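Keep in mind the model is a prediction, meaning the values are calculated, not measured. Order of the sequence lines fixes the chain letters, A, B, ..., with proteins taken first and strands second; residue numbering starts at 1 for each chain.
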Protein chains: 2
Amino acid sequence: MASRAKATILDIAREAGVSKSTVSLVLQGSGLIRPETAVKVRKAIEDVGYVYNRGAANLRKAHSNVIGMVINDLTNPFFAEMAVGMERVFQSAGIVPFIANTAENPVRQEEVLKSLMEQGVAGLIVSPARGTTSGAFRRLEMVGLPVVFAMRRLPESRIPVIAPDNHRGAYLATAHLIGKGHRRLAFFGGSSDLVVYHERLGGFREACEALGIAKRDTIVVEGETSRKGGIACLDTALAAAEPPTAALCFNDAVAFGVMLALRKRGLEPGADFAVVGFDDVVEAQHYMPALTSVAVDSAGLGERAAHVMLKMIQSRTTRAEDHIGAVNLVVRESCGPDRHKGMGDAA
Amino acid sequence: MASRAKATILDIAREAGVSKSTVSLVLQGSGLIRPETAVKVRKAIEDVGYVYNRGAANLRKAHSNVIGMVINDLTNPFFAEMAVGMERVFQSAGIVPFIANTAENPVRQEEVLKSLMEQGVAGLIVSPARGTTSGAFRRLEMVGLPVVFAMRRLPESRIPVIAPDNHRGAYLATAHLIGKGHRRLAFFGGSSDLVVYHERLGGFREACEALGIAKRDTIVVEGETSRKGGIACLDTALAAAEPPTAALCFNDAVAFGVMLALRKRGLEPGADFAVVGFDDVVEAQHYMPALTSVAVDSAGLGERAAHVMLKMIQSRTTRAEDHIGAVNLVVRESCGPDRHKGMGDAA
DNA sequence: GCCTATAAATGGAACGTTCCAATAAATCAA
DNA sequence: TTGATTTATTGGAACGTTCCATTTATAGGC
């Protein structure tokens with residue numbers, strides 16, 4: 001069972017009666033070797049159960065064909081879908097990407113990045129963990145490794161970013177709520193250590209301002225970006241003197257939490273309180289009621305990020321243009337019908 | 001910006017005024033070098049922006065510290081959670097696992113396995129793609145690489161398996177339905193090219209037999225293991241002459257689909273038709289109605305698999321015991337109250 | 001002061017591959 | 001036949017590390 005010492009290119013050479021150089025050439029599919037020789041060598045490869053040692057090869061070649069994908073939270077379907085989108089394009093480029101999860105932990109992220117670099121990756125696509133400091137990627141820049149940020153950006157970094165138009169998405173969603181007749185609005189979930197948070201909150205604020213909602217009629221509740229966070233946000237908001245009648249949530253998970261909490265209070269999402277999510281994960285359309293949400297096409301953005309990475313590697317540069325993906329509001333049932341004016345809203 | 005040629009151990013040696021061997025010793029944290037020297041070397045490492053070349057090291061060391069996790073479907077939260085469980089234990093062992101997704105595609109899986117092996121992994125945890133042939137892992141066995149299967153097993157393979165007790169889980173769930181008074185039962189979703197399918201269906205069958213449900217009062221509908229599959233299954237089953245009144249679903253996704261389809265027909269899950277899921281993903285408890293499901297503790301099984309792997313590597317063996325994880329039925333609302341006898345069930 | 005024992009640092013070979021320059025074999029032009 | 005050209009094949013150096021056997025420095029015993 002336990003094989004003898006691992007077979008190398010020399011073992012194959014001996015077996016096939018050729019030189020190691022010939023074997024190497026065959027391995028690389030060079031057209032220089034006579035077809036019959038190639039066949040002979042390939043048979044030997046099969047016979048001895050050879051496995052190529054990419055580490056040894058990279059020692060000379062310098063250019064590896066591994067790409068690392070560093071994801072902040074794989075259990076979030078939103079990021080998982082993005083990762084799968086990336087994988088799709090790498091696959092068709094003949095590259096096997098390795099995924100590593102950081103679980104939103106900057107320390108873990110540091111380890112993961114280090115390990116990936118030591119492994120000699122050709123490039124890195126990163127969705128940075130919350131709380132990542134801008135210094136975390138300096139080492140990567142030093143060695144001139146191509147890096148792309150996906151979905152999230154860092155405050156002051158020159159690394160190219162592929163992300164949805166968060167500002168516009170939030171604006172659209174907020175305008176939708178206002179259009180429904182809501183006059184006291186909430187923004188639920190997320191925390192200010194995320195650039196995305198500021199972008200989305202910025203869109204919310206701008207829409208309120210542009211459409212005549214006074215700042216004192218809005219309430220912003222930070223919270224975990226999870227169902228639990230959403231539940232907490234709603235409880236906080238409804239305890240206010242003049243509670244809101246609608247909320248834009250940082251993401252769909254928060255929105256689900258809000259709807260859950262509404263139900264628990266005997267309120268019907270949509271009819272009694274409008275809620276909009278962000279990201280439009282698959283569950284959104286299956287919820288009761290179906291969730292109105294800002295679709296960002298995570299898989300598409302993942303694909304885009306992968307393409308950018310491939311191009312960077314190919315042109316051996318560490319720079320690329322940012323790409324801001326279009327968003328669109330998918331209206332479903334969670335905001336109910338239009339709200340009648342003056343239905344207890346008179347300030 | 002673009003750094004000069006990549007720094008090596010020799011550059012550090014020159015910078016610090018020591019030999020390359022000394023640097024190597026420092027890198028490995030050997031106690032043989034004088035602390036002051038170590039400090040000097042570490043400073044040089046920092047200064048030149050050195051990154052360790054693990055490939056070169058493995059050329060001599062033979063023992064790498066990378067472990068590969070090959071997952072059949074990362075977008076399924078069930079498997080994502082398992083992966084995260086594994087990661088947790090590897091992290092505390094100072095190992096960074098690399099995750100690769102096969103998207104249920106055996107061809108892709110083959111590529112992924114090849115790539116991981118070439119990278120020189122120390123071990124592999126695999127949740128095999130549907131339709132994997134038993135030959136796919138022969139090469140791995142040939143080179144004596146430790147491999148563990150997680151969640152799924154292959155028909156005739158000696159590779160150790162960490163999986164939940166599917167048979168018992170299905171038995172419990174079925175008994176629950178029968179105990180509620182149901183007399184015509186369905187098994188929804190999954191397909192027979194999966195061993196898991198036979199295990200779960202086996203539990204269902206055994207429970208029916210043991211508790212007096214005739215085989216002709218059961219209906220088995222294969223289908224995709226997704227919401228869509230669940231919808232299709234229900235439609236098929238309700239078209240039967242004597243339709244079932246309850247269903248055990250292959251997994252939670254199917255169960256969600258079934259509930260959706262029920263609603264679409266104006267039937268209330270729980271009251272009009274009982275449904276039980278399998279896996280107990282997080283969404284299960286948040287659904288309306290909350291889904292009764294068989295909890296399998298995917299994260300826990302992931303951790304277990306990782307431990308087994310670590311032990312295998314440590315004791316340089318390719319064998320280990322299987323581990324069948326306990327399951328338990330989490331009763332929620334999707335089966336409604338007990339069903340009264342003779343309520344249209346008289347066969 | 002010398003010898004021995006311990007501590008610290010070192011040079012060289014080896015790991016498995018690729019690449020280059022060189023060789024050997026086959027083909028062609030004259 | 002001879003030399004030139006093309007086609008196949010090859011040996012050796014190099015890649016960045018580790019490990020072993022040595023060497024060099026430091027301390028201890030007398």
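As rounded to whole Å, 10 Å separates atom P of D/dT17 from atom NZ of B/K6. Taking atom NE2 on A/H63 and atom P on C/dC19, their separation rounds to 13 Å, with Å as the unit. For the pair A/I9 CD1 and D/dC15 C1', the interatomic distance rounds to 15 Å; values are reported in whole Å. A/L59 has its CG atom 11 Å from the P atom of C/dT17, to the nearest Å. If you measure from atom CZ of B/R60 to atom P of D/dC15, you get 18 Å, rounded to the nearest angstrom. B/L32 places its CG atom 14 Å from the C1' atom of D/dT18, with the value rounded to the nearest Å.
Side-chain atoms of A/N53 lie closest to C/dT17 of the nucleotides C/dT17, D/dT10, D/dT17. With C/dA8, C/dT10, D/dG11 as the candidates, the nucleotide lying closest to the side chain of A/S19 is D/dG11. Each of D/dC15, C/dT18, D/dT18 was ranked by its minimum atom distance to the side chain of B/A57; first place goes to D/dT18. When each of C/dA9, C/dT18, D/dT18 is scored by its nearest atom to the side-chain atoms of A/Y52, the top-ranked nucleotide is C/dT18. Taking every side-chain heavy atom of A/I33 into account, D/dT9 is the closest of D/dT18, D/dT9, D/dT17.
Across all strands shown, B/L27 has no heavy atoms under 4.0 Å from either base or sugar-phosphate atoms.
With the nearest nucleotide of DNA chain D identified for both A/K20 and A/T37, A/T37 has the one nearer the 5' end.
Under 3.5 Å, the side chain of A/S21 and the base of D/dG11 form at least one donor-acceptor pair of N or O atoms. Evaluation of atom-type donor-acceptor distances gives no pair under 3.5 Å for the side chain of B/R34 against the base of C/dA8.
One finds a side-chain N or O of A/S24 lying less than 4.0 angstrom from the OP1 or OP2 phosphate oxygen of C/dT18. Note on A/Q28: every side-chain N or O is 4.0 Å or more away from OP1 and OP2 of C/dT17.
Here B/E104 pairs with B/R152 in a salt bridge; the nearest charged N to carboxylate O distance falls below 4.0 Å. Taking a cutoff of 4.0 Å between a charged side-chain nitrogen and a carboxylate oxygen, B/E321 and B/K311 do not qualify as a salt bridge.
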